[in-house]
Student: 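So that we are looking at the same thing, I have put the structure below in C-alpha cells.
Counting convention: from 1, in listed order, for ligands and their atoms alike.
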Amino acid sequence: MLSVLRRIVQDVLSASSVSFSHALELLVHDVRVALGTEVCSIYLLNPETNEYLFVANEGLNKEFVGKLGLSRKQGLVALVAERAEPINLDHATLHPRFFSVPEIGEEAFNAFLGVPVIHHRSVLGVLVVQQRERRRFDESEEAFLVTLSAQLASIIAHAEATGEVQTLLRGETGSALERPDALFLGVGGAPGIGLGTAVLVQPVANLDSVSDRATDDISTELQVLDRAVESVRQDIVRISEQFAESLPAEELALFDAYLHMLDDNALPGDIRERIHQGHWAQGALKRVIVEHVRRFEQLEDPYLRERGADIKDLGLRVLGYLQDIRARKSHFPDDTILVGDEVTPSMLANIPAGKLKGIVSVKGSANSHVSILAQALDIPAVMGAIDLPLSNIDNQSMIVDGFYGEVFLNPSDQLLEHFESQIADEMEFASDLETLRDLPGITLDGHRIGLYVNIGLTADISRSLDRGAEGVGLFRTEVPFMTKERFPSEEEQRLIYREHLEAFEPKIVTMRTLDIGGDKALTYFPIQEDNPFLGWRGIRVTLDHPEIFVVQARAMIKASAGLNSILRIMLPMVSNLDEVLEAKALVQRAYREVLEEREDVREPLVGVMIEVPAAVYQARLLARHVDFLAVGSNDLTQYMLAVDRNNPRVAGLFRETHPAVLAALREVARAAHAENTVVGICGELAGTPVGAVLLMAMGYYVLSMNATNLPKVKWVIRNIKRSDARRMLARVLKMNTSDEIQAYMREQLTEAGLGRVIPSYHA
Ligand code: PEP
Ligand code: MG
C-alpha cells in the first residue's frame with residue numbers, strides 16, 4: 001500500500017505543476033482504482049461562497065463537476081468537514097445528514113467514506129469514496145485515505161498560494177502564468193524589492209544528454225578535457241575581473257574557490273582518473289559530477305549542500321566546452337530579473353551593469369553563494385521558489401520581494417502600483433532619513449542609545465557607514481571563513497579585521513569569535529550531526545580547537561594595533577560560566593603573545609552573547625565576569641520557543657515578541673544593570689520598530705542591526721520619549737500573546753505619529 005500511496009502522491013504532485021484540475025482528476029482516478037471503489041470525489045471549500053464545491057469525480061455524473069456546491073450544513077460532506085474527522089458508513093442514505101442531489105446519482109451507493117483534507121488546522125475540503133455494496137470500508141482503507149489526504153493537503157495549500165485553487169473555484173481557466181498576481185513563495189536571499197522582466201537562464205549544457213561511451217584514444221580525451229578546463233578557468237578569471245569593481249576582495253574570493261575546484265588535483269584529477277579507466281571525456285565528467293553532487297546533496301548541512309551546486313555549475317561549464325556549446329543569452333532588458341532553476345554566481349556575470357534588478361532561483365537558499373553575492377551587490381533575491389513554473393516564464397513581468405521571499409508573476413496594475421509606491425515611499429523616506437545620518441540615537445527625553453550594525457561581508461562596511469552606524473555590534477567573522485576553501489591564516493584574518501577596525505575608527509567594533517555549527521558550516525570543516533542546533537556550535541567548537549580560537553584572537557588584537565578603535569571580542573552560544581572563563585584565559589594568552597611582538601595594542605574587551613535560556617538565568621553571574629553582554633535574540637527565540645529558525649513549517653511559531661521571550665529579555669537587561677555591565681542586543685528584533693522601542697524601554701544601551709534597518713530605527717528612537725516607551729512596555733509585559741503585543745504596539749506607534757515605519761503590505 002505504501003508504494004501505491006507514494007506513487008499517487010508523486011503523480012498528483014507532478015501533474016499539479018502543469019494543471020491543478022488535471023492533478024485532481026488524476027487523484028480521483030488513482031484512488032478509485034487503488035481502493036477498487038466505484039466512486040471517488042473531491043470537494044473543496046470555496047471561502048467566497050462558503051460552499052463545498054464538487055471539483056473532481058469519477059463514478060458520478062461528471063456534468064456537475066465545478067457546478068455543484070454544498071452549503072456548510074448540507075450533507076455528509078459538510079459533516080466530515082464540521083467534525084474534521086473521517087466518517088465511515090455502510091448505509092449512507094439512511095444517515096440523518098444524507099442530502100440527496102438526485103441528478104448526480106448518489107442514491108445507488110451505500111458505502112460512504114469521507115475524510116477531511118486539513119492543512120495547518122483548517123479544513124480545505126473533503127475526499128470521498130463510495131460503493132454500491134452495503135459495507136463498511138475496512139480500517140486499512142480508511143487509514144490509506146487519511147494518509148493520502150494528509151499529503152494531499154500540502155499540495156492543495158500550495159495551489160491555494162499560487163491562486164490555482166481560486167481559479168478552479170471560480171470556474172476560470174488558464175495557467176499560473178496567465179493569471180495576474182500569482183504568488184510563489186521562497187526565502188529571502190537578499191533584501192529589497194525588484195520589479196522587472198523575467199529572463200530565464202539555463203545552464204549551457206545538460207548532463208543528462210551525455211551517454212556512456214568507451215574510448216581507446218585516452219590521450220586525445222585527456223587533451224580535450226584539459227582544453228575545456230582551461231577555457232572554463234579563463235572564463236572564471238574574466239568573470240572575477242568583471243566583478244572586481246563592484247565587489248570587495250572578500251566576496252571576490254568566491255571565484256578563487258571556483259578556480260581551486262579546477263586545480264589539477266581537484267575535479268579534473270577525478271575526471272582524468274575516469275578517462276584512464278577507458279571513458280570518453282564527457283562520460284567521465286558526467287560520472288564525477290553526478291557522484292560529487294549526490295554526495296553533497298545527501299549532507300544534512302544546508303551550507304554544504306549548497307556547495308554541490310557550485311560543482312554542478314562548473315561541471316556544466318566544462319561540458320559546454322566539451323560539446324562546443326556557447327552561452328546563448330546575449331540580450332538583457334534594462335529591468336532584468338534573472339530566473340533559473342539554479343542561478344549561480346557566474347550567471348550574473350554576463351548581465352551589463354545596472355540592468356540586473358532581481359534574482360529568483362528555484363533551488364538554493366539564503367546560504368547559496370549567489371545570495372551572498374546578491375547581498376554584496378544590493379540586488380533583491382528570492383531563493384528556493386520551488387513551485388515557480390519555469391517553462392514559458394521568459395519575458396513575463398515579475399516582482400521580487402527579497403524581504404519576504406515572495407515572487408509575483410504577471411502582476412496586475414494594482415499590485416505594480418502598490419509596489420511602485422512602496423518603493424517610492426521607501427526612497428523618499430530613505431532620503432528624509434539621510435539627514436539623520438550624523439545625528440545621535442537619542443530619545444525625545446534625552447536618553448542615548450547606541451545604534452550599531454551587524455556585518456559580515458566587506459561590502460557591509462561602506463553601507464553601514466553611509467547609514468550612520470555608530471559602531472559594529474556584531475561582526476559575524478564566520479562569513480569571511482565561508483568564502484574560503486581552508487581556514488584563513490592569521491595574517492589573512494588580520495587584514496580583514498584591520499579593514500573593519502580602520503573603517504570604523506575610533507568606534508567600537510565587536511568581533512564575534514567563529515560561530516560555526518548549527519546552520520553554518522565550512523566546506524573544509526564539515527560537522528555532521530543529527531541535531532546540529534543542539535550540538536557542536538559556536539564556543540563549543542572553538543574551545544575544543546584552541547589553535548583556531550587563539551589564532552583568531554591574535555589576528556583581531558594585532559589588527560587593532562595603533563588604532564583608536566575599540567575592539568570587543570564576543571563569545572557565541574555560551575551556556576555556562578566555565579566556557580567564559582576558559583575563553584577569557586585564551587584571549588588573555590593571545591594578548592600576551594601579541595604584546596611580546598609589539599606594544600601598540602590594548603587588551604580587548606570581552607563579552608558574552610546571551611543566546612541560550614541557561615545564560616538568561618545566569619546573566620548576572622556572567623555579567624560579573626565580562627565587560628559586556630549582548631543578546632542574540634535570533635537564537636534565544638529559537639531555543640526558548642523550541643522553534644527552528646530556518647524551518648518554514650514552524651515559521652509561524654517563531655515570535656520574537658512572544659511574552660516569554662520578552663520576559664527573558666527584560667531579565668537579562670535587569671541582570672546587567674544590577675552588575676553595572678553594558679548590555680546590548682544584536683538579533684533581528686533590534687532592527688524592527690516595535691522591538692527597538694521595547695528594548696530601549698527595557699534599558700538596552702546598544703541596538704545592533706542590519707544596516708538597512710538602521711535609519712528607520714534611528715528615526716523612531718529620535719521621535720519617541722523613553723517615558724512613553726516604558727509605559728508601553730509596562731502594558732506589553734502584562735499581555736498574553738505575541739499577536740496582542742504586536743497589535744497594541746502598532747497602534748501605539750501609529751498614534752505617536754510613527755506609523756510610517758510599519759510595513760503596510762504585510763501589516
Ligand atoms: C542571534 O542569534 O541573534 C545572532 C545575532 O547570531 P546569529 O544570527 O549569527 O546566530
Ligand atoms: Mg546566534
Student: Is there a side-chain contact between Ile311 and Asp313 in this structure, where contact means two heavy atoms from C-beta onward sitting under 4.5 Å apart?
Tutor: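 No; the side chains remain at least 4.5 Å from each other.
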Student: For atom CZ of Arg718, decide whether the heavy atoms of other residues, nucleotides or ligands shown that lie under 6.0 angstrom number more than 12.
Tutor: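 More than 12 within 6.0 Å, yes.
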Student: To the closest 0.5 Å, what do you measure between CD1 (Ile379) and CG (Leu348)?
Tutor: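 Answer rounded to 0.5 Å: 8.0 Å.
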Student: Output the list of atoms in ligand 1 that are nearer than 4.0 Å to some heavy atom of Cys682, sorted by atom number.
Tutor: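 Listed by number with element, the hits are 5 (C).
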Student: Answer yes or no: does atom CZ of Arg670 have more than 12 heavy-atom neighbours from other residues, nucleotides or ligands under 6.0 Å?
Tutor: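 Open: at most 12 neighbouring heavy atoms sit under 6.0 Å from CZ of Arg670.
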Student: I'd like to check which ligand 1 atoms, numbered from 1 as shown, lie under 4.0 Å from a non-hydrogen atom of Gly632.
Tutor: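 Checking each atom against Gly632, I get 1 (C), 2 (O), 3 (O).
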Student: At what distance is the nearest protein heavy atom to atom 2 (O) of ligand 1, and which residue and atom is it?
Tutor: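 Result for atom 2 (O) of ligand 1: Glu611 OE2, 2.8 Å.
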Student: Give the residue, atom name and distance (to 0.1 Å) of the protein heavy atom nearest atom 8 (O) of ligand 1.
Tutor: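 Here the nearest protein heavy atom works out to Arg645 NH2, 2.7 Å.
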Student: Do any side-chain atoms of residues 694-706 form donor-acceptor pairs under 3.5 angstrom with protein atoms, and if so which ones, sequence neighbours left out?
Tutor:
unit_1: Tyr700; atom_1: OH; unit_2: Leu665; atom_2: O; d: 2.6
unit_1: Ser704; atom_1: OG; unit_2: Val453; atom_2: O; d: 3.1
unit_1: Ser704; atom_1: OG; unit_2: Asn454; atom_2: OD1; d: 2.7
unit_1: Ser704; atom_1: OG; unit_2: Gly473; atom_2: N; d: 3.3
unit_1: Asn706; atom_1: OD1; unit_2: Thr708; atom_2: N; d: 3.1
unit_1: Asn706; atom_1: OD1; unit_2: Thr708; atom_2: OG1; d: 3.0

Student: What atoms in ligand 1 come closer than 4.0 Å to a heavy atom of Gly683?
Tutor: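 In order of numbering, the contacting atoms are 3 (O).
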Student: Just going by heavy-atom distances, which of Ile610, Leu685, Asn634, Thr637 is nearest to atom 4 (C) of ligand 1?
Tutor: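 Among Ile610, Leu685, Asn634, Thr637, the closest heavy atom to atom 4 (C) of ligand 1 comes from Asn634.
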Student: As a test of understanding, state which of Thr637, Asp739, Thr737 forms a side chain to side chain donor-acceptor pair (under 3.5 Å) with Arg655.
Tutor: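 For Arg655, the side chain to side chain donor-acceptor pair (under 3.5 Å) check succeeds only for Asp739.
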Student: With heavy-atom distances below 4.0 Å as the criterion, list the atoms of ligand 1 near Asp635.
Tutor: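 Near Asp635, meaning under 4.0 Å from one of its heavy atoms, ligand 1 has 1 (C), 2 (O), 3 (O), 10 (O).
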Student: Could you pull out the N/O/S protein atoms under 2.8 Å of the Mg ion (ligand 2), ignoring any water?
Tutor: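 Protein N, O or S atoms closer than 2.8 Å to the Mg ion (ligand 2): Glu611 OE2, Asp635 OD2.
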Student: Using the side chain to side chain donor-acceptor pair (under 3.5 Å) definition, which of the options Gln552, Glu492, Lys558 pairs with Tyr497?
Tutor: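 Result: among Gln552, Glu492, Lys558, Gln552 is the only option passing the side chain to side chain donor-acceptor pair (under 3.5 Å) with Tyr497.
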Student: Under 4.0 Å between a side-chain nitrogen and a carboxylate oxygen: does that hold for Asp515 and Arg537?
Tutor: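 Result for this pair is yes, salt bridge flagged.
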Student: Checking Lys507 side chain against Leu501 main chain: does a donor-acceptor pair fall under 3.5 Å?
Tutor: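 The answer is no, because no donor-acceptor pair under 3.5 Å joins these two groups.
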Student: Tell me whether Glu529 contacts the main-chain N or O of Trp536 through its side chain, where contact means a donor paired with an acceptor under 3.5 Å.
Tutor: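 Flag set: sc Glu529 to bb Trp536 pair under 3.5 Å.
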Student: Consider every N or O of Ser633 and every N or O of ligand 1, then say whether any pair is closer than 3.5 Å.
Tutor: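 Right, the criterion is met.
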Student: Is there a donor-acceptor pair under 3.5 Å between the side chain of Lys363 and the backbone N or O of Val343?
Tutor: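 No.
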Student: Quick check on contacts: which atoms of ligand 1 are under 4.0 angstrom from a heavy atom of Leu474?
Tutor: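 Per the distance check, 5 (C).
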Student: Give me the residue, atom name and distance of the protein heavy atom closest to atom 6 (O) of ligand 1.
Tutor: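 Checked against all protein heavy atoms, atom 6 (O) of ligand 1 sits closest to Arg512 NH1, 3.0 Å.
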